[in-house]
Amino acid sequence: MGMKLEFAPINIPLARRLQTTAVFQWVFSFLLLAQCCIGIFLSLVLARLWLILALYVLWLYLDWETPQAGGRRWEWVRNWTVWKYFKDYFPIRLVKTCDLDPQHNYIMGFHPHGVLVAGAFGNFCTNYTGFKELFPGLTPYLHILPFWFRCPFFREYAMSVGLVSATKKSVNHVLSKENGGNISIIVIGGAEESLDAHPGSLILHILKRKGFIKVAFKQGAHLVPVFSFGENELFQQVPNPKGSFLRCVQERLQKIMGFAMPLFHARGIFQYSFGLMPYRMPIHTVVGRPIPVKQTLHPTQEEIESLHQQYLSALRDLFEEHKERYGIPEHESLIFT
């Protein structure tokens, strides 16, 4: 038997239609906007609009390092009404467990990656989940793969919402602010973790991820674990267990291209059976308590291991404290790999 399509009813409230439209443009931006921007750039070449090209190439040359120097956020873009509807679609909630002193700089480790990192974007790249009110005096910077900032035109859009490059230089720049007030949000599991973003999965790729620990020591940045409940429930993925042919191909492509390619699906715009739109599942992003870090320019391996274990323990405690509230069975626990 073929797949039966379940169509959305005609009399859906306008607010829900606007929410769907908002999420559609976000999925489009994530999956296709960069390619469209490259196409526009190539169209300018083919049209021989040399003056426009020359001016933009000059701009790229002068502005190339900006994604590694704090970016160029534009509050007007972060305040777009579309992000309110984006937040309400799931909905996304930011949960605070304690105050963060704006006199310090922080590294927030975001877990899990999920497929498209919706919770991190909604909470830290828009102004509609209450970050400013919950954490006054602090500015969040979400770090993403550097290749996004090599795409002409798209790089400007990415920086406008507060995205910056996920390079060591970029993280150090954000955390070097005197008198504190900056937060580097790093998705610790990276693109590799997205391949395990199946509903119900609690696998975190973190045991070998210690670069953020070294940066925390160098800058004296306090560490804050963040767990986003519901992040892995937004999409289905084609089964890709470790050792399978598909997983081997995905891991090989990741090593070559630098980013993973999960084969995901969920619902459509006008029907609920198949498509690339995420499911309407609540996301609760819980910000844990800070782990104080004393600035140490040359930490020993023992110090790095000790702080890493302290972070793992804090992350596990955060998850255990809140899991039942957000629908995780009592017997389920995080799996660190």
I'd like to know if [Y] and [X] are part of one continuous hydrophobic network [Ile/Leu/Val/Met/Phe/Trp/Tyr, side-chain heavy atoms within less than 4.5 Å].
{"X": "Ile185", "Y": "Leu223", "answer": "no"}
{"X": "Leu315", "Y": "Ile186", "answer": "yes"}
{"X": "Ile256", "Y": "Met261", "answer": "yes"}
{"X": "Val45", "Y": "Tyr61", "answer": "no"}
{"X": "Trp64", "Y": "Val171", "answer": "no"}

Over all atoms of both residues, closest heavy-atom pair of [X] and [Y]:
{"X": "Phe235", "Y": "Met277", "value": "CE2-C, 3.9 Å"}
{"X": "Gly122", "Y": "Phe86", "value": "CA-CE2, 3.8 Å"}
{"X": "Leu163", "Y": "Cys125", "value": "CD2-SG, 3.6 Å"}
{"X": "Asn11", "Y": "Arg17", "value": "N-NH2, 4.4 Å"}
{"X": "Tyr85", "Y": "Ala15", "value": "CD2-O, 4.0 Å"}
{"X": "Ser29", "Y": "Phe154", "value": "O-CE1, 3.6 Å"}

Kindly indicate whether the side chain of [X], heavy atoms from C-beta on, has any atom under 4.5 Å from the side chain of [Y].
{"X": "Leu138", "Y": "Tyr106", "value": "yes"}
{"X": "Phe153", "Y": "Cys36", "value": "no"}
{"X": "Leu234", "Y": "Leu116", "value": "no"}
{"X": "Val287", "Y": "Met108", "value": "yes"}
{"X": "Val164", "Y": "Met159", "value": "no"}
{"X": "Gln271", "Y": "Glu6", "value": "no"}
{"X": "Val82", "Y": "Gln25", "value": "yes"}
{"X": "Ile291", "Y": "Val224", "value": "no"}

Problem - CA sep, side-chain torsions, deciding dist, call: Leu246, Leu263, side chain to side chain contact (heavy atoms under 4.5 Å, CB included) - result: CA-CA 10 Å; Leu246 175 58; Leu263 298 181; 3.8 Å; yes
Is a donor from one side chain sitting under 3.5 angstrom from an acceptor on the other, for [X] and [Y]?
{"X": "Asn105", "Y": "Asn182", "value": "no"}
{"X": "Ser201", "Y": "Asp196", "value": "no"}
{"X": "His143", "Y": "Ser184", "value": "yes"}
{"X": "Glu156", "Y": "Trp59", "value": "yes"}
{"X": "Gln250", "Y": "Asn240", "value": "yes"}
{"X": "Gln68", "Y": "Ser165", "value": "no"}
{"X": "Ser333", "Y": "Glu320", "value": "yes"}

Backbone N or O of [Y] within a donor-acceptor pair of the [X] side chain at under 3.5 Å?
{"X": "Tyr311", "Y": "Ile213", "answer": "no"}
{"X": "Glu233", "Y": "Pro199", "answer": "no"}
{"X": "Glu303", "Y": "Thr300", "answer": "yes"}

Can [X] and [Y] be counted as an ion pair, charged N to O under 4.0 angstrom?
{"X": "Lys323", "Y": "Glu330", "value": "no"}
{"X": "Asp88", "Y": "Arg280", "value": "no"}
{"X": "Arg209", "Y": "Glu192", "value": "yes"}
{"X": "Glu251", "Y": "Lys242", "value": "yes"}
{"X": "Asp63", "Y": "Arg155", "value": "yes"}

Handout entry: Connected hydrophobic set around Ile335, excluding itself, where side chains approach under 4.5 Å
Key = Ile203
Do other residues, nucleotides or ligands put more than 12 heavy atoms under 6.0 Å from [X] [atom1]?
{"X": "Lys294", "atom1": "NZ", "value": "no"}
{"X": "Lys210", "atom1": "NZ", "value": "yes"}
{"X": "Phe336", "atom1": "CZ", "value": "yes"}
{"X": "Met257", "atom1": "CE", "value": "yes"}

Handout entry: Step-by-step ring-ring contact (aromatic ring centres under 6.0 Å, His included) determination, Phe270 to Phe7
Key = CA-CA 6 Å; Phe270 302 111; Phe7 287 95; 9.1 Å; no
Practice task
List in chain and number order the residues that pass side-chain contact (heavy atoms from CB on, under 4.5 Å) with Leu49, two or more places apart in sequence or in another chain; answer none if no residue qualifies.
Solution key: Leu44, Ala47, Ile52
Exercise for the section: Go through Tyr279 and Phe90 one step at a time and tell me if the ring-ring contact (aromatic ring centres under 6.0 Å, His included) criterion holds. Expected result: CA-CA 8 Å; Tyr279 296 122; Phe90 299 96; over 10 Å; no
Exercise for the section: Quick one: do Val226 and Val286 satisfy side chain to side chain contact (heavy atoms under 4.5 Å, CB included)? Show the steps, please. Expected result: CA-CA 6 Å; Val226 177; Val286 184; over 6 Å; no
Practice task
Output, in order, the C-alpha distance, side-chain angles, deciding distance and verdict of side chain to side chain contact (heavy atoms under 4.5 Å, CB included) for Trp50 and Leu53.
Solution key: CA-CA 5 Å; Trp50 305 123; Leu53 283 169; 3.8 Å; yes
Practice task
Determine, for Tyr141 and Arg73, whether the Lys NZ or Arg CZ falls below 6.0 Å from the six-membered ring centre while staying within 45 degrees of the axis.
Solution key: yes
Practice task
With Tyr326 as reference, evaluate Phe229, Phe227, Phe319 under the ring pair (Phe, Tyr, Trp, His ring centres under 6.0 Å) test and give the passing residue.
Solution key: Phe229
Give, for atom [atom1] of [X] and atom [atom2] of [Y], the distance between the pair rounded to the nearest 0.5 Å.
{"X": "His284", "Y": "His322", "atom1": "NE2", "atom2": "NE2", "answer": "11.5 Å"}
{"X": "Thr337", "Y": "His205", "atom1": "OG1", "atom2": "NE2", "answer": "4.0 Å"}
{"X": "Ser170", "Y": "His173", "atom1": "OG", "atom2": "NE2", "answer": "8.0 Å"}
{"X": "Ser228", "Y": "His113", "atom1": "OG", "atom2": "NE2", "answer": "12.0 Å"}
{"X": "Phe274", "Y": "Arg267", "atom1": "CZ", "atom2": "CZ", "answer": "13.5 Å"}

Exercise for the section: Apply ring-ring contact (aromatic ring centres under 6.0 Å, His included) to the pair Phe30 and Phe121, showing each step before the final yes or no. Expected result: CA-CA 11 Å; Phe30 198 102; Phe121 182 89; 8.7 Å; no
Practice task
For side chain to side chain contact (heavy atoms under 4.5 Å, CB included), just list the numbers for Glu231 and Ile283, CA-CA rounded to whole Å, side-chain angles, deciding distance to a tenth of an Å, and then say yes or no.
Solution key: CA-CA 6 Å; Glu231 196 75 42; Ile283 300 172; 3.9 Å; yes
Exercise for the section: I would like to know whether Tyr128 and Trp83 meet ring-ring contact (aromatic ring centres under 6.0 Å, His included); could you show each step before the answer? Expected result: CA-CA 7 Å; Tyr128 284 101; Trp83 304 130; 8.7 Å; no
